[in-house]
A.B. asks: 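To start, I am sharing the structure in question, which I have written as structure tokens.
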Amino acid sequence: GVADGDRVLRTGVVGGVKAGKASLWNALLFDGETRLPQAATPMTAALTTMSYADVFTAEVEFFRQEDIRAIRDRHTEFERLVAEETARRLAALREARHGHLPETGQDVELTERAKRQAQREMKARHTVLGVAHEQFISIERSGITLSDLRDRETLQAADAAALNFQLREYVGVGGRFTPFTRNVRMLLPLDSLHDIEIIDTPGLNDPVVSREERTCE
């Protein structure tokens with residue numbers, strides 16, 4: 001048997017992206033104040049575990065190379081679907097002009113309109129691919145590669161608010177390292193976390209395969 005002092009109760013909340021999971025934990029642990037990282041978009045979601053420690057600490061784990069490849073492949077598939085849908089919609093817009101080809105300027109405008117419509121349609125129809133598409137673009141725009149990052153980063157702070165502020169760079173919208181963050185382990189000196197590990201999942205429709213596998217596990 002395991003001694004009572006060695007037991008850790010794991011409890012988690014699981015649901016779709018933007019269902020309010022982090023908000024629930026903030027309400028339970030911090031009287032409703034935003035002290036845990038909340039995903040503003042599916043792209044900023046990260047599997048977050050919380051347990052007790054003497055110092056406010058966060059351990060950030062970044063994507064692996066295979067994760068980036070999977071995101072890129074989904075991005076490529078999304079682009080292919082958008083191109084097909086754009087062509088279909090452009091043909092329909094031209095047909096609406098009674099088969100007459102518009103002037104060059106008008107054709108550029110029609111093409112842009114068809115592409116915007118196609119992107120909206122594909123994002124609504126293929127949510128996971130759309131999120132992976134946005135994430136891959138953010139990865140490319142960051143100018144950072146995995147070789148620039150360590151496997152993980154450890155942050156420490158005097159209190160939960162200061163720790164959450166530091167985490168903005170890793171899970172916040174526009175955070176420098178947000179596109180690369182896979183998991184966050186938070187260690188907090190809260191009496192309510194004694195002998196408990198809380199798991200805040202990114203959602204069951206996570207665009208990152210390895211993170212979704214961790215959620216299911």
Side-chain angles (χ1 to χ4, degrees), residues 14-19 21-22 37-49 58-90 108 111-155 166-186 199-217:
V14 178
V17 170
K18 293 297 292 176
K21 298 179 296 296
Q38 294 174 277
T41 69
M43 193 196 76
T44 62
L47 179 67
T48 304
T49 62
E59 297 174 353
V60 180
E61 183 180 349
F62 298 112
F63 288 135
R64 301 168 302 194
Q65 193 62 54
E66 52 265 39
D67 296 321
I68 302 296
R69 281 196 295 267
I71 293 170
R72 181 194 60 206
D73 290 346
R74 287 181 166 181
H75 155 78
T76 301
E77 176 64 9
F78 181 82
E79 292 277 90
R80 184 187 69 79
L81 292 172
V82 167
E84 290 181 353
E85 183 66 13
T86 298
R88 188 188 71 78
R89 287 177 176 268
L90 182 58
V108 170
T111 301
E112 287 300 315
R113 187 193 311 173
K115 186 173 183 179
R116 288 195 300 269
Q117 293 174 349
Q119 287 179 329
R120 284 197 299 267
E121 176 66 22
M122 291 303 101
K123 284 181 180 180
R125 195 185 304 176
H126 304 283
T127 305
V128 172
L129 293 182
V131 172
H133 163 73
E134 292 178 3
Q135 184 148 19
F136 187 72
I137 290 175
S138 294
I139 287 172
E140 288 196 314
R141 287 177 177 170
S142 73
I144 299 172
T145 65
L146 286 182
S147 61
D148 298 325
L149 302 173
R150 293 182 288 186
D151 289 340
R152 65 186 67 239
E153 195 73 44
T154 300
L155 314 172
Q166 291 187 55
L167 279 170
R168 291 180 184 178
E169 282 293 288
Y170 300 88
V171 294
V173 175
R176 188 180 177 204
F177 306 109
T178 294
F180 296 90
T181 297
R182 180 170 178 253
N183 306 311
V184 178
R185 182 176 179 230
M186 300 185 70
I199 305 169
D200 180 31
T201 68
L204 295 179
N205 48 348
D206 195 324
V208 182
V209 175
S210 66
R211 206 167 53 187
E212 185 174 49
E213 289 172 349
R214 285 285 294 276
T215 295
C216 293
E217 180 186 355

A.B. asks: As an exercise, state the distance from CG of L167 to CZ of F177, rounded to the nearest 0.5 Å.
C.D. replies: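 If I round to the nearest 0.5 Å, the distance is 12.5 Å.
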A.B. asks: Before you tell me yes or no, could you show the steps for E153 and F62 under side-chain contact (heavy atoms from CB on, under 4.5 Å), namely the whole-Å CA-CA distance, both residues' side-chain angles and the distance that decides it to 0.1 Å?
C.D. replies: CA-CA 8 Å; E153 195 73 44; F62 298 112; 4.2 Å; yes
A.B. asks: Side chains of T76 and D73: any donor to acceptor distance under 3.5 Å?
C.D. replies: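 No, no side-chain donor-acceptor contact under 3.5 Å.
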A.B. asks: For residues A118 and V82, report the shortest heavy-atom separation together with the two atoms involved.
C.D. replies: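 Where A118 meets V82 most closely, the heavy atoms are CB-O, 3.8 Å.
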A.B. asks: Is the shortest heavy-atom distance from the side chain of E134 to the side chain of K123 under 4.5 Å?
C.D. replies: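 They are in side-chain contact.
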A.B. asks: Calculate, to the nearest 0.5 Å, the distance between atoms CD and CZ belonging to E140 and R72 respectively.
C.D. replies: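 The CD atom of E140 sits 10.0 Å away from the CZ atom of R72.
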A.B. asks: If you apply the rule side-chain contact (heavy atoms from CB on, under 4.5 Å), what do you find for Q65 with L146, and how did you get there?
C.D. replies: CA-CA 7 Å; Q65 193 62 54; L146 286 182; 3.6 Å; yes
A.B. asks: Could you tell me the separation between the CZ atom of F63 and the CD1 atom of I139, rounded to the nearest 0.5 Å?
C.D. replies: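 Going from CZ on F63 over to CD1 on I139, the span is 6.5 Å.
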A.B. asks: Out of curiosity, E59 CD to T154 OG1, how far, rounded to the nearest 0.5 Å?
C.D. replies: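 That separation rounds to 5.0 Å.
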A.B. asks: Roughly how far, to the nearest 0.5 Å, is the CD atom of Q135 from the CZ atom of F180?
C.D. replies: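 The CD atom of Q135 is 9.0 Å from CZ of F180, to the nearest 0.5 Å.
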A.B. asks: I need the L81 CG to Q119 CD distance, nearest 0.5 Å.
C.D. replies: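 Going from CG on L81 over to CD on Q119, the span is 12.0 Å.
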A.B. asks: Looking at G172, is its backbone amide N or carbonyl O close enough to the side chain of T178 to form a donor-acceptor pair, meaning the two atoms are under 3.5 Å apart?
C.D. replies: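 Side chain of T178 to backbone of G172: a pair is present.
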A.B. asks: If you count the non-hydrogen atoms of other residues, nucleotides and ligands that lie under 6.0 Å from CG in D148, is the total more than 12?
C.D. replies: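 Check passes, neighbour count above 12.
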A.B. asks: Can you pull out every salt bridge (Lys or Arg N to Asp or Glu O under 4.0 Å) where at least one residue sits in residues 168-177? Sequence neighbours excluded, please.
C.D. replies: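 Listed by first then second residue: nothing to list.
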A.B. asks: Can a salt bridge be assigned to the pair E77 and R80 using a cut-off of 4.0 Å between side-chain N and carboxylate O?
C.D. replies: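 Result for this pair is yes, salt bridge flagged.
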A.B. asks: In terms of side-chain geometry, is the basic nitrogen of E85 or R88 positioned less than 4.0 Å from the acidic oxygen of its partner?
C.D. replies: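 Answer for the salt bridge query: yes.
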A.B. asks: Under 3.5 Å, is there a donor-acceptor pair between the side chain of T181 and the main chain of Y170?
C.D. replies: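 At least one qualifying donor-acceptor pair exists.
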